[in-house]
Number of protein chains: 2
Amino acid sequence: MTRPITDAIGFTFAPKPYRYDSRELILYALSVGAGQQPTADSDLRHTYEFHPDFQPLPTFAAIFPFTIMEQITAAPGLENVAPMMMLHGEQYLELKRPLPAAASLTNQARISQIYDKGKGALIIADISSRNESGEEIAFNQVSIYVRGAGNFGGDPGPTTRSLNLPPDRAPDAIVEEKSQPNQALLYRLSSGDHNPIHADPAIAGLIGFERPILHGLCTFGFAGRAVLQHFCPDNPGRFHTMQARFARHVFPGETIVTQMWQMSPTQIVFSSHVAERGETVLTNAVINLV
Amino acid sequence: MTRPITDAIGFTFAPKPYRYDSRELILYALSVGAGQQPTADSDLRHTYEFHPDFQPLPTFAAIFPFTIMEQITAAPGLENVAPMMMLHGEQYLELKRPLPAAASLTNQARISQIYDKGKGALIIADISSRNESGEEIAFNQVSIYVRGAGNFGGDPGPTTRSLNLPPDRAPDAIVEEKSQPNQALLYRLSSGDHNPIHADPAIAGLIGFERPILHGLCTFGFAGRAVLQHFCPDNPGRFHTMQARFARHVFPGETIVTQMWQMSPTQIVFSSHVAERGETVLTNAVINLV
């Protein structure tokens, strides 16, 4: 007999080590579009290890959960969840300390909740990343939508659709950036998220996509760069938290347009859409600066 | 007293291990432009590790010398050669066996000759790459031009300018492919060639370039892909040898146009130029198939 999916609530995964150095940081930055404007020194500090102000792009920390999430079927009740049935729903990232230029971390993940969304189930996972001294560097909360796994009579959970809504006025800034046709192939390498729906046309087709789709967190990285370049181009270290809902997919090669509204000196609400199809892809989205 | 540069002739470098796996192969393929045409299955076999015909792009083997070349100042007479004074002159690559999808190799390099080209010196290095059984997988011959190091009264050496000239007729095929503004930043990661002239605007400017230039071997990779996709799209394993002269630089973001002439069933002479400036960048170039 199959265990109910809710058995996974409270499950704590085995801690996983995660090391990175400047090569991984640069690969990540390039995989979210950095360096495409040749004169943008704000990108060069994330893509050239000998830059005098070399530092990680803060959204790099959003990939830490993936050393854990690839083990998700280790949780009781989730044994039969196929990677191609999982879609990234939302992500919240909080930097607790500045990201070092190289680090040896331990990621610790726990499934904190599973909601019944009708057609699918929504798994909420909390991931804490600590350095060798045990200090927390980053906290991520990831929600993963599992197609076809809903209707188990569970709690539908709160809605986040009224969070971080743009005000009723024109955006304070708009940044438009084209992704590349091979963007998802590159992002797979930098993130470790090898879900075949981002590379394999046959697998993508099985789920109803006309071709492989971009990772939601890759779009998240594009949007994060856009906000930082506009509001603190010389000090990306002001990044504190970022949250977004992955409303729709982006196809690699499409143009990501990020609209931003400054709500306070430290809070930027934003949304991103695809220029070619007009679809909104990131909603309920905010970056808080320090 | 400084030793003469010719003391380096015959110097054999310490053998260097070099390991790679599918992640490195994919990174390399993306760094020479693979995956930019979403429907090109011939690229997907080099960029997606679960492709049923996954295999290395043959020109990957052209990067094996770089574990050695970064040590070039270990050779007597070359102690004072600065990386920014070195330019890649020519490359010859021969695959002795099919490249495995993962390997642990040993690269052994020797300086076979140093020619006096007047304004500069031309260092010829032979690099042999062997697998754990001692079988030779690839042989590279690299020529490196060192600015300002000539006029030492040495042998000017042979000229290669009459080798592999295109016939006096229209090309049999032309492939045009745009590189990306961040192409050199990505190629640095895949190749290990961290020469700052490919990333640092200030260093590039010191040598008279208006901005950082693309690695010659990156253009070499673009051209290799173009030839293979046209002449053996379903069997890139037919690649046997490739040779080219790096006549001029490419700026990242420019369009590389490769013109090809089939000289025999197994020999393709080619040349590459930059569409935007009309400059010819690869000359005296050939690929031999098996």
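We name chains A, B, ... by the order of the sequence lines, and we start the count at 1 in each one. Values below: all heavy atoms of this structure, side chains included; hydrogens, waters and symmetry mates excluded.
- For B:E254 and B:R248, the salt-bridge test fails: no basic side-chain N is under 4.0 Å from an acidic carboxylate O.
- The residue among B:L189, B:D200, B:L185 with the most heavy atom pairs within less than 4.5 Å of chain A is B:L189.
- Contact of A:A184 with chain B is not made at all, since no heavy-atom distance falls under 4.5 Å.
- Of the residues considered (A:T47, A:I26, A:L27, A:L30), A:L30 shows the highest number of contacts with chain B, using heavy-atom pairs under 4.5 Å.
- For B:A34, the part lying near chain A is the backbone, with the side chain staying farther off; criterion is any non-hydrogen pair under 4.5 Å.
- Between the OG atom in A:S31 and the CD atom in A:Q183 there is a gap of 7.0 Å [rounded to 0.5 Å].
- B:R188 and A:E49 are joined by a salt bridge, as a carboxylate oxygen and a charged side-chain nitrogen come within less than 4.0 angstrom of each other.
- Using cut-offs of 30° and 60° on the angle between ring planes, the pair B:Y48 and B:F50 is perpendicular.
- Looking only at atom types and distance, the side chain of B:T59 has a donor-acceptor partner in the side chain of B:Y28 under 3.5 Å away.
- The contact between A:P196 and chain B is made by backbone and side chain atoms together, counting heavy-atom distances below 4.5 Å.
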